[in-house]
Amino acid sequence: MPQDSATEQDLAFLRQAIELARAAREHGAHPFGSLIVDEHGQVLVTARNNAVPPKGDPTQHAERLACSKIGRQFTPAQLARCTLYTSTEPCAMCAGAIYEVGIGRVVYALSAKVLIHIVGSGPEIPTLDLPCREVFVRGQRPTLVIGPLIEEEAAQVHQGFWTK
């Protein structure tokens with residue numbers, strides 16, 4: 001199977017990221033979740049969004065938190081062989097964190113375009129229309145991106161959240 005196509009294992013990890021997003025929502029945070037997995041399929045870290053409005057730190061996105069947890073624990077060579085799975089396409093801030101930590105592969109479920117459609121225009125999530133691939137392509141090392149995948153499943157966790 002080509003390295004740039006999704007596997008059944010990828011889909012299982014994406015579903016786990018969606019469940020982390022559901023848990024974030026249940027705890028009053030925005031519904032986003034992610035996990036980082038090593039080359040052998042071992043989950044190294046999980047994170048859910050912790051940007052709890054209105055008093056929470058808006059930089060506490062799931063992907064950035066996962067990167068912060070893992071960045072000092074592994075060598076650059078090990079991190080380059082890891083995959084970050086996330087319920088929604090990483091924003092520009094999170095893509096920057098993923099790149100800086102050195103994660104070699106990103107697999108996401110819901111695209112930023114569909115998220116923007118779900119969220120609509122509003123101050124609670126001022127999403128940049130900047131695909132993560134555009135951030136990664138400007139780097140000096142490659143970051144493989146696969147997604148969007150299982151968008152309908154990933155969109156379910158957002159249903160009704162942004163219109164409350």
Side-chain angles (χ1 to χ4, degrees), residues 1-21 24 30-51 57-119 125-155 157-158:
M1 173 169 286
Q3 198 178 28
D4 63 347
S5 51
T7 66
E8 286 302 316
Q9 179 174 298
D10 288 333
L11 298 178
F13 285 130
L14 278 181
R15 288 183 174 104
Q16 188 173 341
I18 293 166
E19 287 309 309
L20 288 164
H30 293 163
F32 302 98
S34 70
L35 56 142
I36 298 173
V37 176
D38 71 12
E39 64 192 305
H40 306 293
Q42 189 76 22
V43 175
L44 302 176
V45 65
T46 64
R48 61 182 193 223
N49 186 293
N50 195 31
D57 178 348
T59 69
Q60 297 285 301
H61 292 190
E63 300 91 341
R64 199 194 63 69
L65 289 171
C67 288
S68 292
K69 289 179 183 179
I70 202 168
R72 291 176 288 208
Q73 298 178 30
F74 297 91
T75 67
Q78 289 171 313
L79 291 167
R81 294 187 302 268
C82 288
T83 300
L84 182 138
Y85 294 92
T86 187
S87 61
T88 304
E89 181 175 2
C91 71
M93 174 184 68
C94 292
I98 293 162
Y99 180 80
E100 289 299 327
V101 168
I103 303 293
R105 184 171 179 259
V106 173
V107 181
Y108 69 88
L110 185 68
S111 70
K113 288 271 189 222
V114 172
L115 176 65
I116 290 169
H117 178 74
I118 292 170
V119 172
I125 185 164
T127 302
L128 289 171
D129 188 5
L130 180 60
C132 69
R133 283 177 173 87
E134 289 185 32
V135 175
F136 294 131
V137 77
R138 286 169 171 73
Q140 295 180 16
R141 66 178 170 270
T143 304
L144 178 65
V145 179
I146 300 173
L149 302 168
I150 60 173
E151 279 194 288
E152 288 181 21
E153 287 180 47
V157 74
H158 293 276

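Here the structure is a predicted model, which is why all the values come from computation and not from measurement.
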Asker: For Cys82 and Ile36, which heavy atoms make the closest approach, and how far apart are they?
Answerer: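 Where Cys82 meets Ile36 most closely, the heavy atoms are CB-CG2, 3.9 Å.
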Asker: Mind checking what makes side chain to side chain contact (heavy atoms under 4.5 Å, CB included) contact with Ala80, not counting sequence neighbours?
Answerer: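 None.
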Asker: Residues two or more places apart in sequence or in another chain: which of them pass side-chain hydrogen bond (donor to acceptor under 3.5 Å, both in side chains) with Asn50?
Answerer: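 Scan of Asn50 (side-chain hydrogen bond (donor to acceptor under 3.5 Å, both in side chains), adjacent residues dropped) gives none.
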Asker: Just say parallel, tilted or perpendicular for the rings of His61 and Phe32, cut-offs at 30° and 60°.
Answerer: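 The arrangement is parallel - the two ring planes meet at less than 30°.
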Asker: So, is the end of the Arg141 side chain (NZ or CZ) under 6.0 Å from the ring centre of Tyr99 and within 45° of the ring's axis?
Answerer: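 That pair qualifies as a cation-pi contact.
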Asker: Without swapping roles, check the side chain of Arg64 against the backbone of Met93 for a donor-acceptor pair under 3.5 Å.
Answerer: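 Answer holds: no.
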Asker: Once side-chain hydrogen bond (donor to acceptor under 3.5 Å, both in side chains) is applied, do any residues pair with Lys69, and if so which ones, sequence neighbours excluded?
Answerer: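 Testing Lys69 for side-chain hydrogen bond (donor to acceptor under 3.5 Å, both in side chains), a comparison that skips the adjacent residues, returns none.
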Asker: Give the minimum heavy-atom separation between Ala154 and Leu110, together with the two atoms involved.
Answerer: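 Reported closest heavy-atom pair: CB-CB, 3.7 Å.
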Asker: To the nearest 0.5 Å, what is the distance between CG (Asp129) and SG (Cys91)?
Answerer: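 Rounded to the nearest 0.5 Å, the CG-SG separation comes to 12.5 Å.
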Asker: Give a yes or no on this: more than 12 heavy atoms of other residues, nucleotides or ligands lie within 6.0 Å of atom CD of Glu134.
Answerer: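 Yes - once you tally the heavy atoms of other residues, nucleotides and ligands closer than 6.0 Å, there are more than 12.
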Asker: May I ask you to check whether Ser34 and Glu63 show a side-chain donor-acceptor distance below 3.5 Å?
Answerer: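 No.
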Asker: Ring pair (Phe, Tyr, Trp, His ring centres under 6.0 Å) with Tyr108: which residues, sequence neighbours excluded?
Answerer: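 Tyr108 satisfies ring pair (Phe, Tyr, Trp, His ring centres under 6.0 Å) with no residue once adjacent residues are dropped.
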Asker: Going by side chain to side chain contact (heavy atoms under 4.5 Å, CB included), name the residues that satisfy it together with Thr46, two or more places apart in sequence or in a different chain.
Answerer: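 Once residues adjacent in sequence are excluded, the partners of Thr46 under the side chain to side chain contact (heavy atoms under 4.5 Å, CB included) criterion are Gln16, Leu20, Leu35, Val43.
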Asker: Run the side chain to side chain donor-acceptor pair (under 3.5 Å) test on Glu89 and Ser111 for me, step by step, so that the C-alpha distance in whole Å, both residues' side-chain angles and the decisive distance to 0.1 Å come before the verdict.
Answerer: CA-CA 5 Å; Glu89 181 175 2; Ser111 70; 5.1 Å; no
Asker: List the residues meeting side chain to side chain contact (heavy atoms under 4.5 Å, CB included) with Ala92, not counting sequence neighbours, and say none if there are none.
Answerer: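 Per chain and number, Ala92 pairs via side chain to side chain contact (heavy atoms under 4.5 Å, CB included) with Leu128, Leu130, Val135.
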Asker: Tell me whether the count of non-hydrogen atoms from other residues, nucleotides or ligands lying under 6.0 Å of CD in Gln73 goes above 12.
Answerer: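 Yes, because the 6.0 Å sphere around CD of Gln73 holds more than 12 heavy atoms from other groups.
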Asker: State whether Arg15 and Asp10 are salt-bridged, where the test is any N-O pair (Lys NZ or Arg NE/NH1/NH2 against Asp/Glu carboxylate O) under 4.0 Å.
Answerer: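 The answer is no: the pair does not qualify as a salt bridge.
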Asker: Would you find a donor on one side and an acceptor on the other, under 3.5 Å apart, between the side chain of Gln60 and the backbone of Asp57?
Answerer: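 Judged by distance alone, no pair lies under 3.5 Å.
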Asker: Measure from the side-chain N and O atoms of Thr143 to the backbone N and O of Gly104, and report whether any donor-acceptor pair falls under 3.5 Å.
Answerer: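 Here the side-chain-to-backbone pair does not exist.
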Asker: What are the two closest heavy atoms between Val145 and Cys132, and how far apart are they?
Answerer: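 Closest approach of Val145 to Cys132: CG1-SG, 3.9 Å.
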